[in-house]
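One-based numbering along the sequence shown.
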Amino acid sequence: SLHDALPIFSGFLQMPGQPRSGVLVPDNAVVRSDERAWIYVQTVDTHFVRREITVDHHVPGGWFVTNSIAPGDKVVVTGAQMLLSEERKSQIKLED
């Protein structure tokens, strides 16, 4: 498969202040564009939606993310950059 999606699990991060809930997102699931960080979430077998995430808290192997994703969501971990490239190509064609 060109795109592998794995379910995301909840996690906890020890930080000062109020406890925060979030999920652990692998490094290879995060793509960067327009000075922002994005992930692709699989909604059905062959449909993926790009979501902006905040990458404030790096953990070994990935990021502790508190927005735009929930435990059980399937995040693309193989081929995310290719999805972004294809999305950009289709936007360029629509603008012509």
Side-chain angles (χ1 to χ4, degrees):
S1 163
L2 294 175
H3 313 291
D4 290 331
L6 296 176
I8 295 298
F9 300 97
S10 61
F12 300 94
L13 185 62
Q14 185 75 30
M15 298 172 52
Q18 294 291 330
R20 299 174 78 182
S21 61
V23 297
L24 302 175
V25 175
D27 279 324
N28 55 342
V30 179
V31 293
R32 296 183 186 267
S33 177
D34 303 322
E35 299 181 15
R36 296 184 283 182
W38 305 88
I39 55 171
Y40 280 92
V41 177
Q42 184 178 18
T43 56
V44 293
D45 287 345
T46 59
H47 188 73
F48 306 93
V49 175
R50 181 167 50 107
R51 295 185 188 164
E52 184 177 2
I53 60 170
T54 303
V55 289
D56 290 338
H57 309 292
H58 192 261
V59 295
W63 297 91
F64 181 76
V65 177
T66 59
N67 69 312
S68 301
I69 188 168
D73 283 350
K74 289 186 176 181
V75 174
V76 174
V77 294
T78 302
Q81 189 62 49
M82 187 167 46
L83 284 173
L84 180 63
S85 296
E86 290 300 317
E87 182 181 352
R88 295 291 188 219
K89 283 184 203 175
S90 68
Q91 289 172 349
I92 291 169
K93 289 178 185 175
L94 291 175
E95 291 174 3
D96 288 342

Would His58 and Asp27 count as a side chain to side chain contact (heavy atoms under 4.5 Å, CB included) if you check the C-alpha gap in whole Å, the side-chain angles of each, and the deciding distance to 0.1 Å?
CA-CA 9 Å; His58 192 261; Asp27 279 324; 3.5 Å; yes
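- Judged by distance alone, the side chain of Asn67 and the main-chain N or O of Thr54 form a donor-acceptor pair under 3.5 Å.
- Shown are Glu87, Arg51, Lys74, Gln81; of these, the side-chain contact (heavy atoms from CB on, under 4.5 Å) with Tyr40 is made only by Glu87.
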Where do Ser33 and Arg88 land on the side-chain hydrogen bond (donor to acceptor under 3.5 Å, both in side chains) test, with the steps shown first?
CA-CA 10 Å; Ser33 177; Arg88 295 291 188 219; 2.3 Å; yes
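- Here the CZ atom belonging to Arg32 is positioned 12.5 Å from the CH2 atom belonging to Trp38, to the nearest 0.5 angstrom.
- Distance CH2/Trp63 to CG/Leu24: 12.5 Å, rounded to 0.5 Å.
- Atoms CZ and CG, on Arg50 and Leu83 in that order, are 10.5 Å from each other to the nearest 0.5 Å.
- Between Ala70 and Val23, the shortest heavy-atom distance links the atoms C-CG1, 4.0 Å.
- Taking both residues in full, the closest heavy atoms of Val77 and Pro26 are given as CG1-CG, 3.9 Å, listed atom of the first, atom of the second, then distance.
- We find the OG1-CD1 distance between Thr66 and Ile53 to be 9.5 Å, quoted to the nearest 0.5 Å.
- Note that the OG1 atom of Thr43 and the CG atom of Asp73 stand 10.0 Å from one another [nearest 0.5 Å].
- Across Ala80 and Ala29, no two heavy atoms sit closer than the pair CB-O, 4.0 Å.
- Taking 4.5 Å as the limit, some side-chain heavy atom of Val25 sits within range of a side-chain heavy atom of Val30.
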